[in-house]
2 protein chains.
Amino acid sequence: MLKEERQQLILEKLGTDKKVTLVDLGQLLNVSYDSVRRDVIELEDKGLLKKVHGGAIAHSYLSMKPSKGLGIVNTEFVTIAKKALKLLENNKIIIMDGGTTNFYIAEQIPKNLELTIVTNNPHLATALAEHPKIEIILLGGSFYKRYQITIGSKTIQDLEHIQADLYFMGINSISIENGLAIRHYEESILKQKMMNVSRKTVTCVLEEKINRKENYSVCNFTDLDYLITSLNASDELLSGFKNKGVEIL
Amino acid sequence: MLKEERQQLILEKLGTDKKVTLVDLGQLLNVSYDSVRRDVIELEDKGLLKKVHGGAIAHSYLSMKPSKGLGIVNTEFVTIAKKALKLLENNKIIIMDGGTTNFYIAEQIPKNLELTIVTNNPHLATALAEHPKIEIILLGGSFYKRYQITIGSKTIQDLEHIQADLYFMGINSISIENGLAIRHYEESILKQKMMNVSRKTVTCVLEEKINRKENYSVCNFTDLDYLITSLNASDELLSGFKNKGVEIL
DNA sequence: CATTATTTTGCAGATATTTGCAAAATAAAT
DNA sequence: ATTTATTTTGCAAATATCTGCAAAATAATG
């Protein structure tokens, strides 16, 4: 059995059971104790699980259904989140909106980093509460049940006096011609405001979002400062995005 | 069983029962007395619970984590919540703060009632999102991790332009002489503001809160409009509260 | 295809962690 | 004040981890 195959099985088991012991894994996979341990260490380095004495426990997002593929644990998010961490520095003020990737990023922020995080996503606020050094500002406003975020003029007003260093923007579609766009009108306005009060803006783009079409435009592609993706730099989907003044990570 | 797994179970039990003894835990988890004690010590170091002689008690915010439904149903809460429902009418604007009882009330609100609920408690907002007809306003501000609510001058400012009909106030202690009081300074100020912008104020008082002492006073007993309790009207704990212009339910 | 480099695997000894036990110290209860 | 329950401490056994190393498997090369 290949190493990758084994590690995939570990993740799957972890997704259903939430925890595994190394002894169990060793028997299940028919390899030595040491091999599974090394596997688990590798997986931990990738941020896909948490290793503990005698076993491993799942990161909350492992239970999330993979967007495509069958039974394959989706690690695209985690790869992206890892890259996003490189943009974080001590004492910066970061805006994170209701984008899904922001959860993955939040979970991976090193415990020694001091940050202020401004968000309109209550779930993100509670997730970040586990972190010892992060100060959290929650934006008020109308609570939009469907996306579970605050929204509307009050939210925008709350941003008025904020000057952030970086904004992690969630997006539904991205293309050169149409720029960045999402599905909901009020939210598109809010994202524009968030861009305005941030020195730099970064967006994390999953493969599936590229060249899709959505209704409400937020900004042009070149308004971005960074683009984070798990795609290889040589990938042709990215070809149009290069050399436009946006740093691609 | 992994150590982390055990500790997770301890926290879960604590979330529902509010208190545990080490003896119980030892039996429940099938480990020695000493192990659970060491677990509890570790959890205390992480600030997740408070260790006491012979056991441990939950931090108040543990109960806020909407683990699964509301866990074990505490009948006292439910009795109180039922009574609280009588104060609700169509199209009213209600403020609910971070009080625990507000969760129970929220869960019981009839599906046909149209309300606007203003809260500084994100967990309450997400719980209310299940309700088809309630409009939710979430107050912004600094997110206070320990109690999982927003707090501070921004939160107070968000209340400035709100005129509510009713305020469900959570409280830690109540007595005739010292009035209503809680443990946290900023929160006491916030509750005062919430009272100010509401036409009427109601508080739900569990037996244990009566004649306790807490640090920060919020208001006098007579500033209340309604008092909801599960105690029998003839109970002597209530004797001092009667005929003071506060309607006791 | 054979050969060489690279990676992966399992093993053994040295360290470190966890666990349960028992005696001594402390706190709570009667 | 005496008894009882709980905590603390030190200790030893069991278990898990880490390290370096050599055999096996895999990939790369000519």
Side-chain angles (χ1 to χ4, degrees), chain A residues 1-59 62 72-73 75 78-79 82 108 110-112 130 132 230 232-235, chain B residues 1-14 17-59 62 207-208 211-213:
Chain A
M1 174 170 336
L2 282 85
K3 190 173 68 148
E4 319 293 334
E5 196 179 344
R6 244 177 18 226
Q7 298 192 353
Q8 190 62 37
L9 285 172
I10 293 176
L11 289 180
E12 276 174 38
K13 185 161 175 60
L14 215 41
T16 55
D17 296 2
K18 309 295 172 215
K19 74 246 160 189
V20 286
T21 69
L22 296 187
V23 190
D24 287 352
L25 285 179
Q27 290 181 317
L28 185 72
L29 304 170
N30 262 317
V31 279
S32 84
Y33 203 78
D34 292 81
S35 291
V36 280
R37 184 187 298 99
R38 277 184 280 238
D39 284 338
V40 165
I41 290 171
E42 275 184 40
L43 291 170
E44 180 173 47
D45 287 343
K46 288 185 192 160
L48 294 166
L49 51 74
K50 180 148 184 272
K51 188 175 166 324
V52 297
H53 200 95
I57 52 184
H59 262 165
L62 268 187
I72 295 195
V73 179
T75 60
V78 182
T79 317
K82 281 271 172 195
Q108 308 255 354
K111 295 291 176 233
N112 59 347
E130 309 276 322
S230 65
N232 199 299
S234 60
D235 198 296
Chain B
M1 171 164 351
L2 297 171
K3 190 172 65 148
E4 282 70 19
E5 208 177 336
R6 248 178 14 227
Q7 299 189 353
Q8 188 58 42
L9 287 172
I10 293 176
L11 287 181
E12 275 172 29
K13 185 161 176 59
L14 215 43
D17 297 3
K18 310 299 171 213
K19 55 182 184 274
V20 287
T21 70
L22 297 186
V23 191
D24 288 351
L25 284 179
Q27 290 181 317
L28 184 72
L29 304 170
N30 262 317
V31 280
S32 83
Y33 203 75
D34 294 81
S35 291
V36 281
R37 180 182 299 102
R38 279 186 276 238
D39 283 339
V40 165
I41 290 171
E42 274 185 40
L43 291 171
E44 181 173 45
D45 287 343
K46 288 184 192 161
L48 296 169
L49 51 74
K50 180 142 193 292
K51 190 173 163 330
V52 294
H53 206 89
I57 53 179
H59 267 164
L62 264 187
E207 191 171 342
E208 53 178 13
N211 294 325
R212 221 206 253 176
K213 281 279 270 181

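Chain letters run A, B, ... following the sequence lines, proteins first and then strands; every chain starts at 1. All values derive from a computational prediction rather than experimental measurement.
Of the residues Arg38(A), Glu12(A), Glu42(A), the one that meets the side chain to side chain donor-acceptor pair (under 3.5 Å) test with Gln7(A) is Glu42(A).
Applying the 4.0 Å criterion to OP1 and OP2 of dT15(D), one finds that Tyr33(A) has every side-chain N and O outside that range. Considering only side-chain N and O atoms, Lys51(A) lies nowhere under 4.0 angstrom from the phosphate OP1 or OP2 of dA16(D).
For the pair Met1(B) and Val36(A), nearest-nucleotide mapping onto DNA chain C gives the more 5' position to Val36(A).
Residues meeting the side-chain hydrogen bond (donor to acceptor under 3.5 Å, both in side chains) test with Glu5(B), sequence neighbours left out: Lys19(A).
Rounded to a whole Å, the NE2 atom of His53(B) is 16 Å from the P atom of dT4(D). As a whole-Å value, the separation of Glu4(B) CD from dA16(D) P is 13 Å. In this structure, Arg37(A) places its CZ atom 6 Å from P of dC18(D), rounding to the nearest Å.
Once you apply a 4.0 Å limit to the heavy atoms of chain A, the touched nucleotides of DNA chain C run 5' to 3' over dT8(C) to dT18(C).
Contacts of Val52(B) with the nucleic acid, taken as non-hydrogen atoms under 4.0 Å apart, involve only primed sugar atoms and P, OP1 or OP2.
For the atom pair CD (Gln27(B)) and OG1 (Thr21(B)), the distance works out to 8.0 Å, reported to the nearest 0.5 Å. In this structure, Ile57(B) CD1 and Lys18(B) NZ are separated by 11.5 Å, a value rounded to the nearest 0.5 Å.
Relative to the axis of its first five pairs, the axis of the last five pairs of the helix from dC1(C)-dG30(D) to dT30(C)-dA1(D) sits at 40°, rounded to 10 degrees.
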Apply side chain to side chain contact (heavy atoms under 4.5 Å, CB included) to residues Val78(A) and Gln108(A) and explain how you reach the verdict.
CA-CA 9 Å; Val78(A) 182; Gln108(A) 308 255 354; 3.6 Å; yes

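Considering all non-hydrogen atoms of both residues, Leu14(A) and Ala56(A) come closest at CD1-O, 3.7 Å. For the residue pair Val36(B) and Leu22(B), the shortest heavy atom distance occurs at CG2-O, 3.8 Å.
Here the side chains of Met1(B) and Asn30(B) are not in contact, with every heavy-atom distance at 4.5 Å or above.
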